[in-house]
Amino acid sequence: MPRMLILDGNSLINRAFYALPPLTSNEGLPTNAVHGFLTMLFRLQKEQKPDYWVVAFDKTKATVRIEQFAGYKAHRKETPETLRPQFNYLKEILRVMAVPILELEGYEADDIIATVNDLAIAQQIEVLIFTGDRDALQLISPHSSVLLTMKGISEVECYNEQRLEERYLLKPAQIIDLKGLMGDVSDNIPGIPGVGEKTALKLLHEYGSVENVLQNKDEVKGNKLKELLNQYADQALLSKKLAAMIHDVPVAFSLDDLRWAEPDKDACKKILHGYSLYKVASLFEQSLAAVTGPEQIIEKGKKQKASGAEIIDTIQQEKNMDGEGWLELLNTWLEQKPVLALSYRFEGRNIHQGLWTEMGICDEHYTYSLNRYAAAPSVLRLWEEILADDGVRKVVADSKGVYSLLLNENKTFAGVDLDLSLAAYLLNPNRSNYSASELLGDYVTDLFSNTPAREAALLRKLAASYMEKLAEDDLEKLLHEVEEPLSLILARMEKTGIALDKAKLQEYGQELEVKIGRLESEIYNLAGENFNINSPQQLGRILFESLGLPPLKKTKTGYSTDAETLEELRTEHAVVEKLLEYRQLVKLNSTYVKGLLAQCCDGKIHTTFQQTVTATGRLSSTEPNLQNIPIRLEEGRRLRKVFQATQEDWLLLSADYSQIELRILAHYSKDPILCESFLVGEDVHRRTAAEVFGVALNEVNSDMRRKAKAVNFGLMYGLTDFGLARDLTISRKEAKYYISQYFERYNGVHRYLEEAVTEAKEKGEVRTLLNRLRKIPELSHPNRMTRQFGERIAKNTPIQGTAADIMKIAMIKVAEAIEGLQAEILLQVHDELVVQVEPSALPKVAAIVKKEMEQAFPISVPLLVDCKVGSNWYDMVPYQVDALLF
DNA sequence: GGAGTCACG
DNA sequence: ACGTACGTGACTCCG
């Protein structure tokens, strides 16, 4: 008898989404649900080898059922942002894989499944329905069974008539009666309030159907229940109706459309790899082999052995432990100080408010799982002692995360032996994800049993190969002496946070909103109509169509309306100026006032410093980003008034490197003029102006200096005449002239930049002073534009990256030197450190900070740090460090 | 989710 | 003839 597999697309993708950690493709697209769905699909295909198959999806803008009952599914939770796009990815992939999809406007997957099921049965086809939704049990028949996902998606349970009878003592047709009585919160089917599964089953066992229950309601035991049945009789009948699937969906397909068809293997592989779904791709090949012939299975088996399969076989077995066993084990660890691999899970909104829930731990013999809620207090205390013990070395992915969670409970963490996330980042800073599950992606063949214990065992395995790779690329020192120690400092900075004056911020927000409101009406007046100013598309139509302004620049999608374009149109129409001001204020209000208030709990802000994001080695800051708080324009700069020390009456000390990138360029290039500028401590931009314009230092005017500054600035980015011209609003020819003059005078810089590119092309990579690596595949790309981009990266990365290296070293030294003093580092903004300090400790702390930063990593020109002090991040005044304390 | 815009170093 | 300076993150609109 031929077999058909019907999958409930919506139900299964939802299951997969909530069951799996948030995986992403290399491009950062969320793919966990797609991954989970396809894994289930191919497993099932391999097992069942169906002759027909189909995936049904909801398409419910206006469901037929809405007409019946307005509340139906009205309260369903909105699809999460990271799930929504995955429907389209999945459908796209299914199409390439020649898996039939059925959906019809106005109907749910359920209804389509019921319809297809009927048709298949009529054609003597055996049906297996795969879903997470118990509703489907109503479709069970002698020829149809239902495969239900149980916990998560790892376990499934197969229901046929017999099993349904065993489990519920019900016939398939009674499933809708069951729902009619007990309702279903997720589908917003009301049922009878107060009647749950137990009562509903009891009633059905006795009376068989909702109708019959209602007919005999007077003899039902229990006054309360009788009353409920009386009161909600109609609602129960309606609920039963809602629970019944529609069997006659007018969806157009023939049985032949659903017949299994061999897909284009290469196209499938390509699209799966496009979404970074490597595991699924290999599963796909296996399942294909399973259906297309035995020869290929053997072929496949060989290949499998050669890849990750062996490693899986050799990882430590998981060992179950009782309380006694734990105590004994932990004491042994405390004594013998083994290396432990760790993996963790946590609960809570985010890492700053979270608690770890489970840890997977792997020593050289076994792997274990420790659950905080299952473990005895004495076991937890001992485990915390081990976490804090520097002698017990740990292999982890994301040590900052572990430390953050422990800090939430005022516990500590030490003994990081190897942070695999940081290691992977140093080996290749271009990846998008360095989570444990991602790093293990190469090894994990069975994602569903990816427990913390298993993860820990695999991390331990991974550590060995990473050590080798780190040694090969000469990155061990940078990892162990810079990144790993820094991660713990970052965790403490995040935990400390920075205080926010909420009231003042709200006040500022109201002030902004008044101004924004005024500007809004002025803009509508000047434009002659109302529109959404925040929509670049609508704004473009107003400016360049209604008002007839000249469109100077285009974007991919239409007119450009950015600040640069508007600036040029300023004199053309009065509305332009208002728009610029409007944009500025809206930005301040939505990103900073609203954004910061939303992140502010307990009067403090805790950012997250990302240590594995940038390709150059810089940190980044998220949720909220505290590295881009306005400063350039006064309007925005005022925001800085609300940032204060977390300790009452303490001061903020800001220490920033002066011209660090130019100094690094001087070091690299050994250019005599540039080096001299820094050695004698003159104004570099003024000197550059003198050289480029061929005048004496005292003849340099402010315009000349401004231009020279732009050149110096541009150098670090791989300057072009076009870019310089645009920045200075001068002709390209003029820009070109300045650049040639510059390189003539600063020929050391010129030579260095050329050599940097040549060497990068040879090696395909660049390095910073501390050996940080960045591969630049763009350098050998066929497209000229891309290649030139690679060249600019080759010029910029050693400079930006070295600055980042030096700052990281400085942070480690500063943190160590101020330990025990009344001071804490709060923020890092690339070339600036913000420290909070008790006023009387200021002279000493400022001297330490300045010294440690300036001497963090000596290069051939001096590094200079300027200090400023204030009670908030706005009112900062220069602070002269006492030379004697230095 | 992608595009556009704009905040920072 | 083409497109154009490096590195980030957040918010908004829109399909």
Side-chain angles (χ1 to χ4, degrees), chain A residues 24-25 27-30 81-89 429 532-540 553-566 579-580 583-596 598-599 607-610 613-633 635-637 639-640 656-657 659-661 710-711 713-727 732 735 739 774 783-786 788-801 803-804 807 827-832:
Chain A
T24 53
S25 71
E27 285 158 12
L29 306 178
E81 278 300 313
T82 44
L83 173 56
R84 206 175 309 153
Q86 297 193 53
F87 281 96
N88 287 332
Y89 307 158
N532 186 345
I533 311 172
N534 296 322
S535 161
Q537 200 194 329
Q538 293 183 35
L539 179 60
K553 208 166 58 164
K554 279 186 301 189
T555 67
K556 273 183 224 168
T557 51
Y559 306 112
S560 174
T561 67
D562 62 15
E564 194 190 328
T565 311
L566 294 184
L579 281 171
L580 282 163
R583 278 253 177 92
Q584 190 199 345
L585 301 187
V586 163
K587 174 86 178 178
L588 293 175
N589 193 38
S590 54
T591 301
Y592 297 102
V593 177
K594 294 268 175 60
L596 287 173
Q599 298 277 345
T607 184
T608 303
F609 287 106
Q610 307 288 346
V613 166
T614 72
T616 55
R618 276 187 175 185
L619 300 178
S620 85
S621 158
T622 59
E623 286 181 281
N625 182 352
L626 293 184
Q627 291 182 321
N628 71 347
I629 303 302
I631 190 167
R632 292 173 187 164
L633 301 171
E635 258 318 313
R637 190 177 195 150
L639 269 163
R640 293 187 168 227
D656 73 288
Y657 281 113
Q659 310 284 2
I660 188 168
E661 295 195 344
V711 173
F713 203 56
L715 278 175
M716 266 99 62
Y717 302 153
L719 157 110
T720 65
D721 53 3
F722 181 88
L724 186 64
R726 171 151 60 60
D727 246 41
R732 252 173 99 160
I739 294 171
R774 179 177 182 181
N783 181 324
R784 202 190 90 227
M785 278 282 298
T786 311
Q788 287 178 341
F789 177 57
E791 291 173 11
R792 294 194 295 269
I793 294 173
K795 292 174 186 166
N796 172 267
T797 297
I799 298 173
Q800 189 182 121
M807 177 53 115
L827 300 176
Q828 187 252 44
V829 192
H830 310 307
D831 63 1
E832 171 189 14

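Given the structure is predicted, the values throughout are model-derived calculations rather than measurements.
- For A:N532, counting side-chain heavy atoms from C-beta on, the closest listed nucleotide (C:dC13, C:dG7, C:dT12) is C:dC13.
- Separating the P atom of B:dA7 from that of C:dC2 is a span of 31 Å, rounded to the nearest Å.
- Rounding to the nearest 0.5 angstrom, the gap separating the CG atom in A:N625 from the OG1 atom in A:T608 is 11.0 Å.
- The residue A:V613 sits close only to the backbone: its heavy atoms come under 4.0 Å of sugar-phosphate atoms, none of a base.
- Atom P of B:dT5 sits at a distance of 14 Å from the matching atom of C:dT4, rounded to the whole Å.
- Using a 4.0 Å heavy-atom distance criterion, A:G595 is classed as a sugar-phosphate-only contact.
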## Note on the structure
Once base and sugar-phosphate atoms are separated, protein heavy atoms under 4.0 Å mark nucleotides 3-9 of chain B, 5' to 3', with B, S and - as SSSBBBB
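- Figure legend. C:dC13 is base-paired to B:dG2; pairs are counted as Watson-Crick or G-U wobble with both atom distances under 3.5 Å.
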Got a list of side-chain donor-acceptor pairs under 3.5 Å for residues 791-799 of chain A, not counting sequence neighbours?
| residue | atom | partner | partner atom | Å |
| --- | --- | --- | --- | --- |
| A:E791 | OE2 | A:K761 | NZ | 2.9 |
| A:N796 | OD1 | A:Q800 | NE2 | 3.4 |
| A:N796 | ND2 | A:M716 | O | 2.7 |
| A:T797 | OG1 | A:R774 | NH1 | 2.9 |
| A:T797 | OG1 | A:I793 | O | 3.1 |

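- When heavy atoms are screened at a 4.0 angstrom cut-off, A:R784 is found touching base atoms of the nucleic acid.
- Nucleic acid contact class of A:A615 (heavy atoms, under 4.0 Å, all strands): sugar-phosphate only.
- Contact annotation for A:I793: backbone-only contact, meaning every heavy-atom pair under 4.0 Å involves sugar-phosphate atoms and none involves a base.
- Closest non-hydrogen pair, A:Y592 versus A:N628, comes out as OH-O, 2.6 Å.
- Atom name P, nucleotides B:dG4 and C:dG3: the rounded distance is 14 Å, in whole Å.
- A straight line from CD of A:E623 to C1' of C:dC11 spans 14 Å, rounded to a whole angstrom.
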### From CA spacing to verdict: side-chain hydrogen bond (donor to acceptor under 3.5 Å, both in side chains), A:S621, A:T607
CA-CA 6 Å; A:S621 158; A:T607 184; 2.8 Å; yes
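- C:dA1: no Watson-Crick or G-U partner with both key distances under 3.5 Å is found in any strand.
- Comparing the same atom, C1', in C:dA1 and in B:dC6 gives a spacing of 31 Å after rounding to whole Å.
- Taking 4.5 Å as the limit, every side-chain heavy atom of A:K554 sits out of range of all side-chain heavy atoms of A:T565.
- Across all strands, A:Y89 comes closer than 4.0 Å only to sugar-phosphate atoms, never to a base (heavy-atom distances).
- The line from CD of A:Q627 to CZ of A:F609 is 5.5 Å long, rounded to the nearest 0.5 Å.
- Checked by atom type, the side-chain pair A:T561/A:R583 shows a donor-acceptor distance below 3.5 Å.
- In terms of polar N and O atoms assigned as donor or acceptor, the side chain of A:N796 never comes within less than 3.5 Å of the base of C:dA5 in a complementary pairing.
- Contact annotation for A:R732: base contact, defined as any heavy-atom pair under 4.0 Å involving a base atom.
- Checking C:dG7, C:dA5, C:dG3 against every side-chain atom of A:T616, the shortest atom distance belongs to C:dG7.
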